[in-house]
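Below: one structure, written as structure tokens.
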Amino acid sequence: MALMLRSSPSFINLNDTKSLKPVDDSPSSVSFAHHLKPSCRLRARNSSHDGQHSREKASVCDGRKDEKWERLHALVGGHSKKSNRVAVFVMLPLDAVSPGGSLNRPRALNASLMALKSAGVEGVMVDAWWGLVEKDGPLSYNWRPYAELVQMVQKHGLKLQVVVSFHQCGGNVGDSCSIPLPPWVLEEISKNPDIVYTDRSGRRNPEYISLGCDSLPVLRGRTPIQVYSDYMWSFRETFRDYLGGVIVEIQVGMGPCGELRYPSYPQTNGTWRYPGIGEFQCYDKYMRASLEASAEAIGKKEWGRSGPHDAGHYNQFPEETGFFRRDGTWNSEYGQFFLEWYSGMLLEHGDRVLAAAEGIFKGTGAKLSGKVAGIHWHYRTRSHAAELTAGYYNTRHRDGYLPIARMMGKRGVVLNFTCMEMKDWEQPDYANCSPEGLVRQVKMASKTAGTELAGENALERYDEGAFAQVLATSRSDAGNGLSAFTHLRMNKRLFEEGNWRNLVAFVKNMSEGGRNDKHSEYDSGHTKLYVGFINKRNTKSQEAALV
């Protein structure tokens with residue numbers, strides 16, 4: 001059976017795919033068909049620029065743009081004082097842009113966007129992979145496929161959330177393809193393996209550059225922060241006329257999976273399995289030098305020689321270790337010193353990256369957001385071991401999310417949190433989970449800090465129960481509800497009859513603050529779109545299969 005889409009005559013002709021392709025096949029430019037001329041100019045090209053330009057362009061934002069930033073930051077996609085509406089976005093496939101640097105399956109993507117629009121979805125999210133955009137060499141950027149996507153999204157009247165993804169795709173939950181870091185970065189890693197995270201046994205993790213070298217010129221004369229800044233400047237200059245209009249949000253990657261955390265639970269080669277506690281990632285020479293300096297500063301030189309010796313291994317449980325057990329080392333003077341340093345390094349990294357993003361995107365009208373992982377296993381224990389190894393100093397006695405919320409809030413960054421769809425009773429007893437308790441804590445932390453909160457689901461879920469849990473989480477009578485929700489993710493399963501019906505009802509409920517949860521057999525949004533199942537042999541030429 002194939003899922004087909006029929007549209008009313010008011011929709012575009014899906015057979016007209018010429019408009020989806022650049023007129024010029026040269027990789028150096030993107031042209032647009034005259035009948036699809038965008039409302040403002042868009043520059044997408046392979047470009048090179050001076051690495052010092054970010055410090056020279058800081059004055060581009062005039063007073064009017066600052067006013068536009070403040071106005072849109074308060075209104076786009078969020079709660080207003082008069083409405084409980086929560087905007088719903090849908091994540092595009094991880095390989096929406098192919099490793100070859102082109103838009104994947106543009107005709108099917110076009111049909112899928114049309115379906116999402118008629119369902120009432122606000123927009124879509126896409127990863128702008130560092131490993132694809134800056135693939136050809138330092139300061140050489142290819143934004144061409146993303147320019148095509150921006151045009152397509154605009155044509156359907158949708159909005160776009162862009163994740164500037166400075167991490168590798170592959171090796172984590174839900175990763176369906178492999179997109180490594182840029183080849184020239186991998187060359188630098190091969191010369192100096194210490195620029196990536198390292199665990200106690202010496203395993204190197206090439207998912208993301210170690211925050212220990214944030215301010216060191218380890219990437220061909222540039223620091224990682226400079227590299228990330230130059231990348232974001234190139235994005236801004238290429239898409240500046242669409243920021244705040246079509247592109248309403250920039251999610252800034254700050255670690256593996258784009259999340260502000262250490263890669264403490266990698267699945268590559270079976271290193272970690274749920275619900276293992278994970279391991280500390282502080283054994284590259286740059287992290288070790290920082291730990292040593294911090295210990296010497298308080299007169300405890302012996303504490304800086306290494307990380308905890310009794311923290312166990314990736315797949316152990318808290319009570320199997322000396323560090324994480326009920327009355328373990330985590331609660332000693334040494335444990336507090338180490339965890340404050342480890343989590344503090346992560347907070348400083350997040351602040352450095354977000355400060356750079358703030359300076360680049362302020363005045364453009366686009367929101368900034370940062371993602372925090374929903375590590376809910378072992379949440380019911382005293383030590384919260386899995387959160388500690390990831391860099392969140394959250395225990396029975398200490399709130400580890402309030403400092404994160406405050407750090408993001410001071411820069412006007414939306415805190416995007418996962419596991420919004422999970423319920424406690426769905427988790428195995430032995431894992432000591434509480435995703436609901438964790439979400440409540442993060443909601444309270446964001447409220448206390450005055451930080452806007454958005455959410456997404458951690459795993460692919462299309463059932464009514466998961467949508468109902470997100471809907472319940474999104475509500476708040478105390479000012480700490482969700483401003484937006486991004487659903488993971490758009491694929492063939494999403495468009496299956498029952499799943500699609502659940503999504504349409506969910507979007508409708510989120511737009512109405514949960515007041516109406518009834519839907520018709522096919523389309524609760526009363527749109528012009530009919531989605532159903534048709535035998536392939538009955539498929540007509542004007543119908544297009546969805547992604």
Side-chain angles (χ1 to χ4, degrees), residues 172-174 254-262 264-265 272 274-278 317-318 324 330 339 342-343 346-347 350 369-409 414-449 451-461 465-476 478 480-488:
N172 284 290
V173 177
M254 294 177 283
C257 293
E259 297 165 337
L260 179 64
R261 65 172 176 86
Y262 294 99
S264 57
Y265 49 99
W272 172 86
Y274 176 83
I277 57 176
F317 278 47
F324 297 113
W330 65 273
L339 292 171
Y342 189 69
S343 63
L346 185 66
L347 274 172
S369 68
K371 189 175 175 183
V372 175
I375 302 176
H376 55 85
W377 51 103
H378 304 300
Y379 183 82
R380 293 185 183 276
T381 66
R382 286 177 175 261
S383 67
H384 293 235
E387 293 163 86
L388 297 185
T389 57
Y392 305 151
Y393 190 2
N394 189 58
T395 68
R396 181 73 58 86
H397 314 302
R398 189 180 190 276
D399 187 344
Y401 298 99
L402 185 56
I404 296 173
R406 284 176 172 158
M407 182 271 290
M408 292 188 176
V414 179
L415 195 163
N416 186 289
F417 197 69
T418 63
C419 78
M420 294 287 178
E421 84 285 11
M422 293 183 173
K423 298 178 182 178
D424 288 358
W425 65 265
E426 297 173 329
Q427 316 307 319
D429 290 340
Y430 61 83
N432 283 304
C433 298
S434 182
E436 292 180 69
L438 176 58
V439 168
R440 282 194 298 270
Q441 182 182 352
V442 171
K443 288 181 71 175
M444 186 56 64
S446 64
K447 178 187 177 184
T448 301
T451 303
E452 189 174 340
L453 180 67
E456 61 185 57
N457 44 315
L459 304 175
E460 285 189 20
R461 293 279 298 272
F467 284 129
Q469 181 65 13
V470 173
L471 183 62
T473 301
S474 72
R475 300 170 180 155
S476 176
N480 61 338
L482 300 185
S483 64
F485 178 80
T486 304
H487 177 67
L488 183 159

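The residues of the chain are indexed from 1 along the displayed sequence.
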Looking at [atom1] of [X] and [atom2] of [Y], how far apart are the two atoms once the value is rounded to the nearest 0.5 Å?
{"X": "Ile375", "Y": "Thr418", "atom1": "CD1", "atom2": "OG1", "answer": "8.0 Å"}
{"X": "Phe485", "Y": "Leu453", "atom1": "CZ", "atom2": "CG", "answer": "11.5 Å"}
{"X": "Cys419", "Y": "His376", "atom1": "SG", "atom2": "NE2", "answer": "6.0 Å"}
{"X": "Thr448", "Y": "Arg406", "atom1": "OG1", "atom2": "CZ", "answer": "7.0 Å"}
{"X": "Lys423", "Y": "Glu436", "atom1": "NZ", "atom2": "CD", "answer": "7.5 Å"}
{"X": "Thr473", "Y": "Met420", "atom1": "OG1", "atom2": "CE", "answer": "6.5 Å"}

How close do [X] and [Y] get, counting heavy atoms only, and between which atoms?
{"X": "Ala390", "Y": "Leu346", "result": "O-CD2, 3.8 Å"}
{"X": "Ser483", "Y": "Val414", "result": "OG-CG1, 4.4 Å"}
{"X": "Phe417", "Y": "Ala373", "result": "CE1-O, 3.4 Å"}
{"X": "Thr451", "Y": "Gly409", "result": "OG1-CA, 3.2 Å"}

Original post:
Passes side-chain contact (heavy atoms from CB on, under 4.5 Å), Leu438 versus Glu387? Steps please.
Top reply: CA-CA 11 Å; Leu438 176 58; Glu387 293 163 86; 4.1 Å; yes

Subject >> Counterpart residues, salt bridge (Lys or Arg N to Asp or Glu O under 4.0 Å), relative to Glu259 (two or more places apart) >> reply: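 Salt bridge (Lys or Arg N to Asp or Glu O under 4.0 Å) list for Glu259, sorted by chain: Arg261, Lys371.
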
Under a 4.5 Å cut-off applied to non-hydrogen side-chain atoms, are [X] and [Y] in contact?
{"X": "Trp330", "Y": "Pro318", "answer": "no"}
{"X": "Val372", "Y": "Met408", "answer": "yes"}
{"X": "Met422", "Y": "Leu459", "answer": "yes"}

Considering residues at least two apart in sequence or located in another chain, which fulfil the side chain to side chain donor-acceptor pair (under 3.5 Å) criterion with [X]?
{"X": "Lys443", "value": "none"}
{"X": "Arg380", "value": "Asp424"}
{"X": "Thr486", "value": "Gln161"}

**OP:** Describe, in one word, how the ring planes of Trp272 and Trp377 are oriented to each other, choosing from parallel (under 30°), tilted (30 to 60°) and perpendicular (over 60°).
**Re:** tilted

Original post:
Do His384 and Tyr392 make the cut of ring centroids closer than 6.0 angstrom?
Top reply: no

Subject >> Donor-acceptor under 3.5 Å (Thr389 side chain, Ile277 main chain) >> reply: yes

Subject >> Main-chain N/O of Gly391 paired with Ser343 side-chain donor or acceptor, under 3.5 Å >> reply: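 Absent.
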
Could I get the full list of side-chain contact (heavy atoms from CB on, under 4.5 Å) partners for [X], not counting sequence neighbours?
{"X": "Leu488", "result": "Met91, Asn457, Glu460"}
{"X": "Gln441", "result": "Tyr379, Asn394, Asp399, Tyr401"}
{"X": "Ala466", "result": "Glu421, Arg461, Asp463"}
{"X": "Leu347", "result": "Pro403, Ile404, Met407"}

Subject >> Listed partners of Tyr342 passing ring pair (Phe, Tyr, Trp, His ring centres under 6.0 Å), at least two apart >> reply: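 Testing Tyr342 for ring pair (Phe, Tyr, Trp, His ring centres under 6.0 Å), a comparison that skips the adjacent residues, returns Tyr262, Phe280, Phe338.
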
Original post:
ring pair (Phe, Tyr, Trp, His ring centres under 6.0 Å) with His378: which residues, sequence neighbours excluded?
Top reply: Phe317

